[in-house]
Protein chains: 2
Amino acid sequence: MPASVTVARAALTRLMEPSDLAGLALIRVVGPERAVCIAKGEERAGTETEHKVATLLEEAGALRSWLGLESSISRWAPRINDLAPERDLAVIRRLGGGLLIPEDDDWPVALSDLGLAEPIALWCRSRCRVLPGLNRCVAVVGSRDNTSYGASVTGQISQGLAQRGITVVSGGAYGIDAHAHSGALAGGNTGNLPTIAVMAGGVDRYYPAGNEELLRTIAQEGSMIAEVPPGTNPTRYRFLQRNRLIAALCSVTVVVEARWRSGALNTAHHADSLSRQVAAVPGSVFSANSAGCHRLLREGSAVCVTDAAEVAELAGVSGDHLASEPAGPAATHDGLNVEDLLLMDALPARQGSPPEKLSSVAGLGIASVLAGLGRLELMGLAERIDGNWRLRRGTK
Amino acid sequence: MPASVTVARAALTRLMEPSDLAGLALIRVVGPERAVCIAKGEERAGTETEHKVATLLEEAGALRSWLGLESSISRWAPRINDLAPERDLAVIRRLGGGLLIPEDDDWPVALSDLGLAEPIALWCRSRCRVLPGLNRCVAVVGSRDNTSYGASVTGQISQGLAQRGITVVSGGAYGIDAHAHSGALAGGNTGNLPTIAVMAGGVDRYYPAGNEELLRTIAQEGSMIAEVPPGTNPTRYRFLQRNRLIAALCSVTVVVEARWRSGALNTAHHADSLSRQVAAVPGSVFSANSAGCHRLLREGSAVCVTDAAEVAELAGVSGDHLASEPAGPAATHDGLNVEDLLLMDALPARQGSPPEKLSSVAGLGIASVLAGLGRLELMGLAERIDGNWRLRRGTK
């Protein structure tokens with residue numbers, strides 16, 4: 001890979017906001033290096049390029065506001081003077097990270113499902129360069145103001161996922177996000193990255209400040225990634241765009257706690273529109289922090305999950321992830337046919353009854369009663385005392 | 001309606017267990033009066049009748065154990081001597097009730113969805129003879145060992161349903177059932193029956209004993225019904241069959257709390273197989289009493305409901321039942337287009353910025369910035385101070 005492509009993409013991530021579809025279309029048509037030249041005004045796009053860009057945008061159903069290369073160039077113009085891609089690349093290297101670009105073999109193929117909105121590049125601080133594949137990643141997201149219930153469930157699910165070798169992806173925010181990352185880190189290192197924080201601002205920033213220690217640990221043991229360059233502030237728009245990356249990287253997005261309106265639902269909707277699995281954790285109907293989860297369940301947009309095994313099963317990595325049924329106590333009458341069930345219901349617990357009496361009580365012919373008593377005796381459910389029959393002691 | 005049909009059906013409810021398909025097929029083919037005669041051996045069925053009964057049973061996919069009129073007659077034989085339908089009818093009249101039969105105009109049409117398993121008759125103790133129609137009835141069911149959470153939700157949902165003129169149907173048992181009935185009674189009398197208890201034993205019995213006072217109130221203010229005659233004990237088989245009646249009478253079955261294995265799930269499965277709506281109330285993932293509800297949600301067999309309004313909406317009686325969205329606080333940035341959102345993110349809260357600075361921070365052309373500032377000012381979101389722009393005070 002020529003370094004110039006990396007430098008060009010580094011520059012473009014500073015020039016263009018995430019999901020700047022006109023910019024992304026231009027990059028597709030002329031490549032990253034010429035896209036920089038055109039954005040800088042060093043080269044004219046030409047009618048053929050303009051036509052191709054317009055076609056791509058139309059196919060992507062892009063907003064009118066992104067259309068027109070002319071107006072896009074004037075949108076990028078105010079940032080041209082700030083471009084210093086070599087400096088940005090030096091910064092990320094100093095942090096022990098690097099820039100991952102679509103031309104790399106390690107580029108996560110899952111991101112191509114974003115179509116034209118596939119990011120220009122990813123700024124990474126990571127324990128290892130290769131991010132896990134789609135079905136090895138699960139997003140665990142939720143509101144910033146979690147309850148203690150939400151914290152417990154998030155911790156258990158994330159720890160359980162990490163223990164199964166599944167990477168927990170979240171947004172590095174307070175609340176559920178933070179519990180998701182710490183739970184995964186507590187799950188230990190199984191060879192894979194335990195957790196990935198997808199940031200809305202630059203990966204050199206520890207935002208929010210209260211999560212600095214956690215984010216430092218994630219950068220060392222897991223991975224911190226962003227599509228915006230170092231030094232970039234998170235904004236509302238970038239938070240919303242960041243959510244699409246979380247959704248795209250993961251085969252399953254689990255919403256643990258979310259209010260009726262919550263950024264976590266935005267991630268869920270992204271996941272849904274990418275045909276990724278969405279899951280929601282239920283909670284008390286009296287908790288406003290579960291209202292968004294219940295909304296997803298009620299609308300049929302999410303599957304109900306209650307533990308890590310169920311989430312892993314949705315991710316569907318392999319058979320050993322299948323959630324096991326709780327081993328409920330088998331009732332003694334399981335598997336009985338209707339007649340034997342009627343007969344068992346008719347058997348007294350203490351004083352035995354003769355078959356004729358049982359025949360009347362159970363509403364069964366005498367032949368059925370005699371045959372059924374034999375079967376129940378064999379199963380250890382009935383016993384005979386002096387020609388009368390009763391439930392065997394200890395049978396319920 | 002000739003009284004003899006009522007007497008015959010009264011007798012048949014004592015002779016045959018609920019869902020005795022061979023008996024029910026015989027009644028369909030020859031009518032209730034001749035069915036009694038054939039069961040008593042006073043008349044022979046004849047090959048044509050036997051053939052028609054066998055055909056009905058085959059169409060219904062009946063169990064092999066029910067097949068064959070011959071063996072069925074020997075099954076009924078032990079109970080012939082106990083028949084005293086006039087006495088049973090006198091008992092129910094003394095209790096202020098009566099026998100409802102399919103030949104009556106008031107017979108609940110919803111029960112015909114049970115096909116061959118439609119009950120022979122219903123023994124009723126009721127404030128009014130007419131039971132509400134399918135979409136005026138909602139089943140609220142659950143486990144006997146409820147939590148205090150389950151009790152609260154059940155009470156609120158049932159009271160809310162009764163207040164909307166919807167009848168709450170349940171099984172009269174301890175736990176969720178009892179809270180469902182009391183909640184509905186507390187919801188008050190809106191002209192309709194507030195609640196119906198469908199019993200597994202006779203309606204003259206107060207079973208379980210601890211619910212005697214509640215059941216007495218239900219018989220007065222609501223309705224107590226059973227397909228078995230007075231004096232009949234509830235058995236496991238009759239509990240399971242009773243569940244199919246609850247499911248068939250209601251357009252929606254709500255499971256509030258249920259363990260992984262629970263009788264309430266049996267009712268839900270009946271409802272599902274009758275194409276009735278099944279709903280489940282979510283709860284803590286750490287509560288074993290919610291595991292059955294979460295199972296239904298996870299398997300996609302139930303819709304998630306959290307309050308009476310959502311249940312009423314499922315019952316779909318009319319527009320005034322539509323659940324209203326929680327009136328979450330609308331965010332100030334709702335409805336902004338992408339460019340105005342980027343611009344608003346770029347506006348400082350205190351010291352104003354000039355449009356050129358905003359253009360660079362937001363990544364927008366200067367023309368877009370000036371137009372956007374005008375729109376935001378009109379919406380009361382931005383303000384100008386000495387040619388510089390900032391967020392209007394109080395905007396978040």
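Protein chains get the first letters and strands the later ones, always in sequence-line order, with residue 1 at the start of each.
The candidate with the highest count of non-hydrogen atom pairs below 4.5 Å against chain A, out of B/Ser74, B/Ser152, B/Pro78, is B/Pro78. Across A/Arg259, A/Met16, A/Gln156, A/Arg238, the residue that shares the most heavy-atom pairs under 4.5 angstrom with chain B is A/Gln156. With chain B as the partner, the residue from A/Gly363, A/Ser359, A/Ser287 showing the most heavy-atom pairs under 4.5 Å is A/Gly363. When B/Asp345, B/Thr306, B/Asn233 are compared by the number of non-hydrogen pairs under 4.5 Å with chain A, B/Asp345 comes out ahead. Interface check for chain A: of the options B/Ile80, B/Val361, B/Ile366, the most heavy-atom pairs under 4.5 Å are formed by B/Val361.
Only the backbone of A/Ala362 comes within less than 4.5 Å of a heavy atom in chain B; its side chain stays farther off. When heavy atoms are compared at a cutoff of 4.5 Å, A/Val281 approaches chain B solely by way of its side chain, counted from C-beta outward. Neither the backbone nor the side chain of A/Ser368 comes within less than 4.5 Å of any heavy atom in chain B. Neither the backbone nor the side chain of A/Asn81 has a heavy atom closer than 4.5 Å to any heavy atom of chain B.
Taken from CG in B/Asp20 to CG in A/Leu342, the straight-line distance is 9.0 Å, to the nearest 0.5 Å. Between A/His294 atom NE2 and B/Asp307 atom CG the span is 11.5 Å, to the nearest 0.5 Å. In this structure, SG in A/Cys304 is found 12.5 Å from CZ in B/Arg295, a value given to the nearest 0.5 Å. In this structure, the separation between CD on B/Glu17 and CG on A/Leu341 is 10.0 Å, given to the nearest 0.5 Å.
Closest non-hydrogen pair, B/Val285 versus A/Val153, comes out as CG2-CG2, 3.8 Å.
By the 6.0 Å contact criterion, CZ on A/Arg375 is enclosed, its count of non-hydrogen atoms from other residues, nucleotides or ligands being greater than 12. No more than 12 heavy atoms of other residues, nucleotides or ligands sit less than 6.0 Å from atom OH of B/Tyr207.
Ion pair A/Glu313/B/Arg298 flagged as a salt bridge, since at least one NZ, NE, NH1 or NH2 atom sits closer than 4.0 Å to an Asp/Glu carboxylate oxygen.
Without hydrogens or angle criteria, B/Arg79 side chain to A/Ser360 main chain gives a donor-acceptor distance under 3.5 Å.
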Side chain to side chain contact (heavy atoms under 4.5 Å, CB included) between A/Glu339 and B/Tyr237, worked out: CA-CA 10 Å; A/Glu339 296 204 341; B/Tyr237 177 79; over 6 Å; no
